[in-house]
Amino acid sequence: MKRWIGVASVALMAFAAVPAQAADKVVLMLNWYVYGEHAPFYYGKAKGIYAAEGIDLEIQEGRGSAATTQAVAAKTADFGYVDVPTMMRAAIKGAPVVAAGVLLQTSPMSAMGFADKNIKKPEDIKGKTVAITPADSMTQIWPLFLKKTGLKESDFKTVAGDGQTKLNAVINGQADLLLGYVMDQSMKIKDATGKDVYPIKFAEYGINMVSSGIIANTDYVKANADLVRRFMSATTKAVEAAEKAPKAAAQSILDANPKGGKIDTLTQGFELTIPLYRTAETKTKRPFQVTDQNMTETVNLLVEYGGLDAKAKENPKAFYTNDYLPKSGS
């Protein structure tokens with residue numbers, strides 16, 4: 001009996017000495033400083049959704065989609081959350097990156113100004129001053145918006161500057177509108193002034209193109225297929241959980257980064273993001289399930305208006321994959 005106890009004890013000690021499998025360390029770099037759109041990632045981490053998939057997630061703020069795309073291409077970040085058209089421009093020039101899931105399938109681009117100025121439709125832009133940032137994604141698509149709405153550049157004035165200058169121009173009254181994302185710049189203006197902003201959304205005037213998504217290095221995807229699947233599974237679940245609890249999701253940003261904004265505008269910004277997750281074709285699907293048609297239309301628009309090399313039209317599927325997304329209901 002004593003011998004059995006001794007053997008059992010040794011066996012138990014040996015079992016206890018075997019460590020639990022360590023979680024995979026994963027770095028997700030955002031497109032910019034944190035704002036409401038990023039709530040699902042923080043919420044997923046706070047709720048243990050990533051941990052449940054064996055992932056130790058580190059979220060890093062970015063300095064623009066182009067810079068984040070470069071970091072992913074260089075493997076200094078495992079995944080990036082970026083403007084997919086920006087990634088396409090890098091990929092067509094040889095950057096080894098691919099979208100593993102497209103989250104914003106409707107464009108957030110808009111022309112926005114203070115609601116009390118009553119600029120609510122394209123016709124109202126006539127005679128006004130619009131603040132732009134030269135060469136950014138919105139300014140490249142702006143000529144298409146003008147074409148779709150019958151406006152001419154002679155109908156309004158423009159002032160140009162970087163992102164902060166553009167915001168200041170509207171805040172200080174030097175411009176009536178700026179080109180911005182419905183859930184980003186509008187909330188920054190409201191944070192600074194307390195005043196509501198009204199966006200004239202490009203998507204409501206026939207401009208059908210995708211926006212933000214998750215990207216990864218193509219070699220990283222091939223070498224870490226299981227990890228990519230687990231990451232996309234966790235991120236899908238995180239988005240679905242955040243959609244059901246917008247304020248709690250926004251609060252998770254502040255819990256991780258107390259200087260990340262104000263709870264009211266973070267929540268509102270995230271709530272403005274949710275409708276961009278799906279199109280009429282994907283309204284019954286889980287997040288990230290972009291259609292081939294949506295991506296092809298995006299490529300075609302970018303070639304015509306956004307400076308994307310025409311050879312991109314030869315194979316739009318080279319820029320994205322849905323192969324690593326969880327199946328419906330899983």
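What you see is a predicted model; the values in this text were computed from it and never measured. Note: hydrogens, waters and symmetry copies are ignored here, and every other heavy atom, side chains too, is used.
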Does any part of the side chain of [Y], heavy atoms only, come nearer than 4.5 Å to the side chain of [X], both counted from C-beta?
| X | Y | answer |
| --- | --- | --- |
| I214 | M232 | yes |
| P287 | R278 | yes |
| F79 | Y220 | yes |
| K259 | L254 | no |
| F288 | V239 | yes |
| D292 | Y320 | yes |
| S110 | I200 | no |
| L104 | M183 | yes |

Sub-3.5 Å donor-acceptor pair from the side chain of [X] to the main-chain atoms of [Y], do we have one?
| X | Y | value |
| --- | --- | --- |
| Q105 | V102 | yes |
| D24 | I55 | no |
| R89 | G306 | yes |
| D124 | K121 | yes |
| T106 | T279 | no |
| R286 | K327 | yes |
| T282 | K285 | no |
| E61 | V34 | yes |
| S65 | V82 | no |
| T76 | A71 | yes |

Can you list the steps and then say if I119 with K128 is a side-chain contact (heavy atoms from CB on, under 4.5 Å)?
CA-CA 9 Å; I119 306 170; K128 303 297 191 295; 3.9 Å; yes
_Would Y81 and E37 count as a side chain to side chain donor-acceptor pair (under 3.5 Å) here? Give the steps._
CA-CA 10 Å; Y81 182 68; E37 181 184 348; 2.5 Å; yes
Audit row: K201, M109, side-chain contact (heavy atoms from CB on, under 4.5 Å) steps and yes/no: CA-CA 6 Å; K201 302 172 185 174; M109 295 180 182; over 6 Å; no
Would you say that more than 12 heavy atoms from the other residues, nucleotides or ligands in this model lie under 6.0 Å from the [atom1] of [X], or not?
| X | atom1 | result |
| --- | --- | --- |
| E123 | CD | no |
| K247 | NZ | no |
| K47 | NZ | no |
| E281 | CD | yes |
| K25 | NZ | yes |

Connected to V197, directly or through other members, by ILVMFWY side-chain contacts below 4.5 Å are M112, F114, L167, V170, I171, L178, I189
Grouping I, L, V, M, F, W and Y whenever their side-chain heavy atoms are under 4.5 Å apart, do [X] and [Y] come out in a common cluster?
| X | Y | value |
| --- | --- | --- |
| I59 | M29 | no |
| I125 | Y181 | yes |
| V210 | V303 | yes |
| L144 | V299 | yes |
| I92 | Y305 | yes |

Taking the six-membered ring of Y205, is the NZ or CZ of K148 close enough (under 6.0 Å from the centre) and on axis enough (within 45°)? no
Nearest 0.5 Å, please: how far is [atom2] in [Y] from [atom1] in [X]?
| X | Y | atom1 | atom2 | value |
| --- | --- | --- | --- | --- |
| D264 | K262 | CG | NZ | 9.0 Å |
| K195 | D116 | NZ | CG | 4.0 Å |
| D176 | T129 | CG | OG1 | 5.0 Å |
| Y43 | S252 | OH | OG | 7.5 Å |
| T68 | Q60 | OG1 | CD | 9.5 Å |
| S186 | L272 | OG | CG | 6.0 Å |

### Query
Hey, mind stepping through E304 and N300 against side chain to side chain donor-acceptor pair (under 3.5 Å) and telling me if it holds?
CA-CA 6 Å; E304 187 171 357; N300 291 341; over 6 Å; no
Q) Just by distance, with hydrogens left out, do T265 and D191 show a side-chain donor and acceptor under 3.5 Å apart? A) yes
On a heavy-atom basis, which atom in [X] and which in [Y] lie closest, and how many Å separate them?
| X | Y | result |
| --- | --- | --- |
| L301 | N208 | CD1-O, 3.6 Å |
| A90 | T69 | CB-CG2, 3.8 Å |
| P134 | G161 | CD-O, 3.9 Å |
| I49 | A234 | CG2-O, 3.4 Å |
| H38 | W32 | CE1-O, 3.9 Å |

Step-by-step side-chain contact (heavy atoms from CB on, under 4.5 Å) determination, N217 to V221:
CA-CA 6 Å; N217 183 290; V221 171; over 6 Å; no
Checklist line | Intermediate values then yes/no, side chain to side chain donor-acceptor pair (under 3.5 Å), Y50 and R230 | finding: CA-CA 8 Å; Y50 287 97; R230 285 186 283 124; over 6 Å; no
Q: Starting from the C-alpha separation in whole Å, work towards a yes-or-no answer on salt bridge (charged side-chain N to carboxylate O under 4.0 Å, His left out) for D136 and K166.
A: CA-CA 12 Å; D136 74 357; K166 186 168 63 174; 3.5 Å; yes
### Task
Under the side-chain contact (heavy atoms from CB on, under 4.5 Å) rule, what do N31 and D83 come out as? Steps first, then yes or no, please.
CA-CA 7 Å; N31 54 335; D83 174 62; over 6 Å; no
Query raised in the report: How far apart are the C-alpha atoms of K188 and D184, what are their side-chain angles, what is the distance that settles it, and do they pass the salt bridge (charged side-chain N to carboxylate O under 4.0 Å, His left out) test?
Result: CA-CA 6 Å; K188 288 185 173 73; D184 183 6; 2.2 Å; yes
Using the benzene-type ring in the case of Trp, are the ring centres of Y324 and F231 under 6.0 Å apart?
no
| message | Looking only at the aromatic ring of each residue, does the gap between the centers of F270 and Y35 stay below 6.0 angstrom? | response | no
Original post:
Can E53 and S233 be said to form a side chain to side chain donor-acceptor pair (under 3.5 Å), step by step?
Top reply: CA-CA 8 Å; E53 293 279 3; S233 174; 2.8 Å; yes
Applying salt bridge (charged side-chain N to carboxylate O under 4.0 Å, His left out) to K75 and not counting sequence neighbours gives none
